[in-house]
Amino acid sequence: QVQLVESGGGLVQAGGSLRLSCAASGRTFSSYKMGWFRQAPGKEREFVAGISWSSGSTRYADSVKGRVAISRDSAKTTVYLQMNSLKSEDTAVYYCAAVRSLMILTTALSYEYWGQGTQVTVSS
């Protein structure tokens with residue numbers, strides 16, 4: 001069974017940085033695409049960044065482009081989300097997700113597996 005476990009969330013001041021981790025297990029992920037999503041209170045879950053496990057190609061939401069970097073460590077089967085220059089509007093629960101796909105998908109409904117989420121709070 002696929003398991004995704006996020007960590008690294010917390011409270012940070014505006015302008016600060018955080019690195020989220022997503023430890024994946026239970027499957028060979030070479031044909032999977034991994035995504036980071038976030039959901040703020042009262043809002044829909046939105047795509048933040050995605051990465052191809054096999055090629056390392058990436059995709060970002062316009063709202064975070066230039067401030068966020070997604071990466072993966074195949075040996076550790078872990079995906080990372082480095083977030084810099086954080087803003088109050090980045091406050092949300094961040095989720096890691098996985099789907100077997102040819103492309104990096106940006107809609108939450110497309111993803112098969114989800115982690116439990118990790119809270120990121122940016123204070124202004």
Side-chain angles (χ1 to χ4, degrees):
Q1 185 72 325
V2 172
Q3 276 198 316
L4 304 174
V5 180
E6 302 99 333
S7 61
L11 174 64
V12 63
Q13 288 189 332
S17 300
L18 274 178
R19 188 177 81 156
L20 307 182
S21 299
C22 171
S25 62
R27 188 146 302 185
T28 300
F29 289 95
S30 56
S31 60
Y32 279 72
K33 303 300 185 284
M34 306 297 292
W36 282 99
F37 287 77
R38 66 186 181 187
Q39 188 166 20
K43 295 190 175 182
E44 292 187 355
R45 194 167 295 190
E46 65 172 356
F47 174 79
V48 176
I51 189 167
S52 167
W53 206 281
S54 57
S55 69
S57 61
T58 58
R59 186 173 182 178
Y60 296 94
D62 289 341
S63 59
V64 301
K65 208 170 285 185
R67 299 191 296 120
V68 162
I70 188 171
S71 61
R72 88 273 194 244
D73 183 329
S74 297
K76 296 180 179 179
T77 58
T78 299
V79 177
Y80 302 99
L81 187 71
Q82 176 69 44
M83 301 189 294
N84 302 317
S85 303
L86 283 162
K87 307 175 183 179
S88 57
E89 50 262 46
D90 295 317
T91 295
V93 177
Y94 283 70
Y95 297 91
C96 176
V99 62
R100 183 182 292 180
S101 172
L102 295 178
M103 302 185 303
I104 297 172
L105 304 175
T106 62
T107 55
L109 288 175
S110 301
Y111 282 75
E112 300 172 76
Y113 304 102
W114 291 86
Q116 82 288 352
T118 185
Q119 177 71 46
V120 171
T121 302
V122 183
S123 63
S124 55

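Hydrogens, waters and symmetry mates play no part in the numbers below; they use all other heavy atoms, side chains included. Starting from 1, each residue takes its place in the sequence as its number.
Atom OG of Ser110 is separated from atom NZ of Lys33 by 13.0 Å, given to the nearest 0.5 angstrom. Distance check: Arg38 CZ to Arg45 CZ gives 13.0 Å after rounding to the nearest 0.5 Å. Taking CD from Gln3 and SG from Cys22, the interatomic distance works out to 11.0 Å, rounded to the nearest 0.5 Å. We find the OG-CZ distance between Ser7 and Arg19 to be 9.0 Å, quoted to the nearest 0.5 Å.
Residues satisfying the ring pair (Phe, Tyr, Trp, His ring centres under 6.0 Å) criterion with Tyr80, sequence neighbours excluded, are absent altogether. Looking at residues two or more places apart in sequence or on another chain, you find a salt bridge (Lys or Arg N to Asp or Glu O under 4.0 Å) between Lys65 and Asp62.
Here the side chain of Thr78 pairs no donor or acceptor atom with the backbone of Asp73 at under 3.5 angstrom. Side-chain N or O atoms of Glu6 include one that pairs as donor or acceptor with a backbone N or O of Gly117 at under 3.5 Å. Between the Ser101 side chain and the Val99 main chain, no donor and acceptor come within less than 3.5 Å of each other.
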Pair Arg72, Ser74 - check side chain to side chain contact (heavy atoms under 4.5 Å, CB included), show working. CA-CA 6 Å; Arg72 88 273 194 244; Ser74 297; 4.2 Å; yes
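A pairwise comparison of heavy atoms in Ser52 and Ile104 identifies N-CD1, 3.9 Å as the closest pair. The two residues Gln119 and Ala92 have their closest heavy-atom pair at NE2-O, 3.4 Å. Nearest heavy-atom pair across Ser30 and Ser54 is O-CB, 3.3 Å. Between Ala61 and Phe47, the closest heavy-atom pair is CB-O, 3.3 Å. Here the closest non-hydrogen pair linking Ser124 and Ala14 is CA-CB, 4.2 Å. In this structure, Tyr111 and Ala97 approach most closely via the heavy-atom pair CD2-CB, 3.4 Å.
The hydrophobic cluster containing Leu81 also includes Val2, Leu4, Val12, Leu18, Leu20, Phe29, Tyr32, Met34, Trp36, Val48, Ile51, Trp53, Tyr60, Val64, Val68, Ile70, Val79, Met83, Leu86, Tyr94, Tyr113, Val120, Val122, under a criterion of side-chain heavy atoms closer than 4.5 Å among ILVMFWY residues, counted directly or through chains of members.
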